[in-house]
Amino acid sequence: MTTAPATGESEQDNVEQTDVLVVGAGMAGLCAAIAACHAGASVIVLEKAPKAERGGNTRFSNGAIRAVYHGVEDIDALVGGLSASERERSEFGSYSREQYYDDLARVTQYRSHPDMADMLVENSRETLFWLQQQGMRFLPLYEWQFKLPDGRIRFSGGSALEVYGAGEGASEALFRAAERSGARVLYQTKALSLIDEAGRITGVIARKDGADIVIRAQRVVLACGGFEANVEWRTRYIGPSWDLAKVRGSRFNTGDGLRIALDRGAMPFGNWSGCHSASWDLNAPDVNELEFGAVFKRDDYLEGIVVNADGERFFDEGADIRALTYAKLGRAILAQPGQVAWQIFDKHGAARLHGEYRVKQSARYRADTIGALVAQLEGMKREACLATVKSFNAAVRTDIPYDPGKKDGRCTQALAIPKSNWALAIAEPPFEAYAVTCGITFTFGGLRVDADCCVLDEGGQRIKGLLAAGEMVGGLFYFNYPGGSGLMSAAVFGRIAGRSAAEAVLADAS
Ligand SMILES: Cc1cc2nc3c(=O)[nH]c(=O)nc-3n(C[C@H](O)[C@H](O)[C@H](O)COP(=O)(O)OP(=O)(O)OC[C@H]3O[C@@H](n4cnc5c(N)ncnc54)[C@H](O)[C@@H]3O)c2cc1C
């Protein structure tokens, strides 16, 4: 609830004062903090997590980042000099504004709001260079690209770079830059409500060490993530069974900022029943922990088939490249009986799996015959599963060459659910299966912001003094998402929010 400041606050020790207050210390919050400092404002950042767990989903992320780039020159500049062998083995291509718009529009079923899409796409390249200036380092992202017969890699466009050190690296670089810029971070400090004085947001009430504190600010930037770690909100907004999804990232993203803003009359915007959710190991804990990092990621479904407990396939594993399909797969798995599915590979598919499939936590099964493999899968309708494998194998168009160097069109024929590319029979022993479930990454529903990231109220008017960025911004992603856009949008919107907050403070002062 919007709250007035505690009476007699000026006599209290627990009152802080700043130009710009940022709530949340992930990519969006820290970019906002850095940009606001650079524009000449004093900045305090509130982080709900203790210092050891700081950094939100940003820190859990894999660090893939999607931006417009103009070819090898951009990649060279962004990684700080490609080696001769990197140049030799890579076809980087380019990723135009038009391609980014196309990918975003297509995977969101043309629902991404043009204003939001514009802000993301048009600022992506420049923001990447800005992140580099802040000390973030990048590497070519060799995973998930097309593999040519001569061993070279053809970049499939979009996410051509990853942050050095993945989420940990991104988070470290951002905290260092924020502190260097003069921002002060208050850990284990949870924003509870906004201070609203005569229709203007003038700060936040927060809880620190069990006591409420007042932080007065001329502008407040909310950047405290979505509601993915809030089991009740997930069920309320995304729907039945979403209480059963496993959380892939931070346990601190429980929708606090959204609640605080909605209580003040902010306009809800975007796909509140939608989220990013991926295939996740069945053995993963209900909520991820930093020590596990990415070990539960199960994104190699392109290399085999995926079946449910009825023994049936339920989606097209080869519909498109991984970056454009993986973020809707969690939802598809959650809709299956028992919220479980199995990825099944033969020897050749298994040989192409990423390292995380081999970790000791993996819900992994192995056998020399497909019958013996399927017999191990608890709850599986075995005969149906064996029939599915058989009919899948028979349906593979062997007349079309398999080619991991492109979308090869090697599909199945006459199956109710096709595999549209990279279809190979599950034929050669040994066989492997991996039990997977739905892992939720982040929620798509958020707030309506304008071009300065100012939060709009239900009447479409700015809520004076209030801005938002990152996962809290609605209207960008619907149903699905192009991989690498989470970090990019957090950086783009965070930077805009921080800069416009600081400029507004300075304008007020002049
Ligand atoms: C496992 C995983 C892998 C991912 N991989 C990628 C990837 O490779 N590429 C990509 O683009 N995206 C990826 N993402 C998505 C990406 O991490 C997010 O979209 C992005 O980091 C969001 O940034 P943010 O700043 O909005 O939120 P966050 O980074 O989650 O930051 C939110 C912050 O708010 C704090 N907070 C919450 N409530 C409060 C409160 N009441 N008071 C104070 N602070 C509060 C949290 O503690 C946290 O510090 C991945 C996510 C996960 C979970």
Side-chain angles (χ1 to χ4, degrees), residues 62 64 141-149 151 153-156 159 278-282 294-308 311-330 332-333 340-359 362-370 373-374 377 385 388-398 400-412 415 417-437 439 483:
N62 301 117
L141 175 58
Y142 282 111
E143 280 187 31
W144 317 115
Q145 312 293 356
F146 292 130
K147 294 177 180 59
L148 301 177
I153 305 289
R154 176 179 294 147
F155 282 64
S156 52
S159 302
S279 181
W280 199 239
D281 196 284
L282 190 63
V295 303
F296 301 114
K297 194 156 64 100
R298 297 290 173 266
D299 285 345
D300 285 328
Y301 47 89
L302 298 174
E303 309 295 349
I305 60 169
V306 185
V307 289
N308 64 17
E312 289 168 358
R313 292 174 53 247
F314 53 94
F315 77 106
D316 178 349
E317 299 90 345
D320 209 325
I321 58 170
R322 175 224 164 244
L324 301 182
T325 55
Y326 80 105
K328 59 179 180 178
L329 185 47
I333 297 171
V340 68
W342 289 266
Q343 299 180 359
I344 297 181
F345 308 99
D346 78 351
K347 173 182 159 181
H348 301 295
R352 289 190 292 270
L353 299 179
H354 283 86
E356 62 269 11
Y357 276 73
R358 308 288 177 213
V359 297
S362 199
R364 176 177 184 227
Y365 305 85
R366 194 163 188 272
D368 286 334
T369 66
I370 191 75
L373 181 81
V374 170
L377 310 182
C385 182
T388 294
V389 173
K390 197 170 168 197
S391 59
F392 176 82
N393 287 351
V396 172
R397 289 275 305 271
T398 51
I400 304 170
Y402 169 77
D403 184 355
K406 61 179 186 192
K407 274 170 74 175
D408 62 1
R410 182 173 157 121
C411 55
T412 55
L415 289 182
I417 297 173
K419 182 167 180 180
S420 298
N421 291 283
W422 310 294
L424 287 170
I426 312 290
E428 289 257 353
F431 299 94
E432 293 186 8
Y434 294 82
V436 292
T437 189

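Index from 1, following the sequence. Worth saying up front: this structure is predicted, and the values here are computed from it rather than measured. Keep in mind that the numbers below use all heavy atoms, side chains included, and drop hydrogens, waters and symmetry copies.
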Pair Phe392-Arg313, side-chain contact (heavy atoms from CB on, under 4.5 Å): steps then yes or no: CA-CA 9 Å; Phe392 176 82; Arg313 292 174 53 247; 4.0 Å; yes

Any residue meeting side-chain contact (heavy atoms from CB on, under 4.5 Å) with Ala327, in chain and number order, not counting sequence neighbours: His276, Asn480, Tyr481

Side-chain (Ser279) to main-chain (Gly330) donor-acceptor, under 3.5 angstrom: no

side-chain hydrogen bond (donor to acceptor under 3.5 Å, both in side chains) pairs, two or more places apart, involving residues 418-431: Asp316-Ser420

Backbone N/O of Arg298 and side chain of Gln343: donor-acceptor pair under 3.5 Å: yes

Interatomic distance, Leu377 atom CG to Cys385 atom SG [nearest 0.5 angstrom]: 6.5 Å

Output field: ring centroids Tyr357/Tyr434 closer than 6.0 Å: yes

Heavy-atom closest pair, residues Leu424 and Val396: C-CG2, 4.1 Å

Atom pair OH/CD1 of Tyr402 and Ile400 - distance to nearest 0.5 Å: 14.0 Å

Short side-chain to backbone donor-acceptor contact, Asn308 and Glu312, under 3.5 Å: yes

Shortest non-hydrogen contact between Gly483 and Ser159, atoms and distance: O-OG, 2.7 Å

Straight-line distance of Leu302 CG to Phe345 CZ, nearest 0.5 Å: 9.0 Å

Expected output: side-chain Asp281 to main-chain Ala363 donor-acceptor under 3.5 Å: yes

CA sep, side-chain torsions, deciding dist, call: Tyr301, Thr325, side-chain contact (heavy atoms from CB on, under 4.5 Å): CA-CA 10 Å; Tyr301 47 89; Thr325 55; 2.7 Å; yes

Sidechain-backbone polar pair: Gln145 side chain, Leu141 backbone, donor-acceptor under 3.5 Å: yes

Residue pair His354, Asp299: steps toward the side-chain contact (heavy atoms from CB on, under 4.5 Å) verdict: CA-CA 9 Å; His354 283 86; Asp299 285 345; over 6 Å; no

Full working for salt bridge (Lys or Arg N to Asp or Glu O under 4.0 Å) between Asp300 and Arg352: CA-CA 8 Å; Asp300 285 328; Arg352 289 190 292 270; over 6 Å; no

Point-to-point distance, once rounded to the nearest 0.5 Å, from NZ of Lys147 to CG of Asp403: 12.0 Å

Pro430 to Arg366 - nearest heavy-atom pair and separation: CG-NH2, 3.3 Å

Worked check of side-chain contact (heavy atoms from CB on, under 4.5 Å) between Ile426 and Asn393: CA-CA 6 Å; Ile426 312 290; Asn393 287 351; 3.9 Å; yes

Stepwise side chain to side chain donor-acceptor pair (under 3.5 Å) test for Thr398 and Arg410: CA-CA 8 Å; Thr398 51; Arg410 182 173 157 121; 5.9 Å; no

Atom pair NZ/CG of Lys347 and Asp368 - distance to nearest 0.5 Å: 11.0 Å

Check: Asp346 side chain, Ala427 main-chain N or O, donor-acceptor pair, under 3.5 Å: yes

Heavy-atom donor-acceptor pair, Arg397 side chain to Ala423 backbone, under 3.5 Å: no

Derivation of the salt bridge (Lys or Arg N to Asp or Glu O under 4.0 Å) call for Arg322 and Glu143: CA-CA 10 Å; Arg322 175 224 164 244; Glu143 280 187 31; over 6 Å; no

Check against ring-ring contact (aromatic ring centres under 6.0 Å, His included), Phe155 and Phe146: CA-CA 6 Å; Phe155 282 64; Phe146 292 130; over 10 Å; no

Closest non-hydrogen atom pair between Leu282 and Thr437, with its separation: CD1-CB, 3.8 Å

Among Val306, Leu373, Thr388, side-chain contact (heavy atoms from CB on, under 4.5 Å) partner for Ile344: Leu373

Which atom of Ile321 lies closest to which atom of Ser156, heavy atoms considered: CD1-OG, 3.8 Å

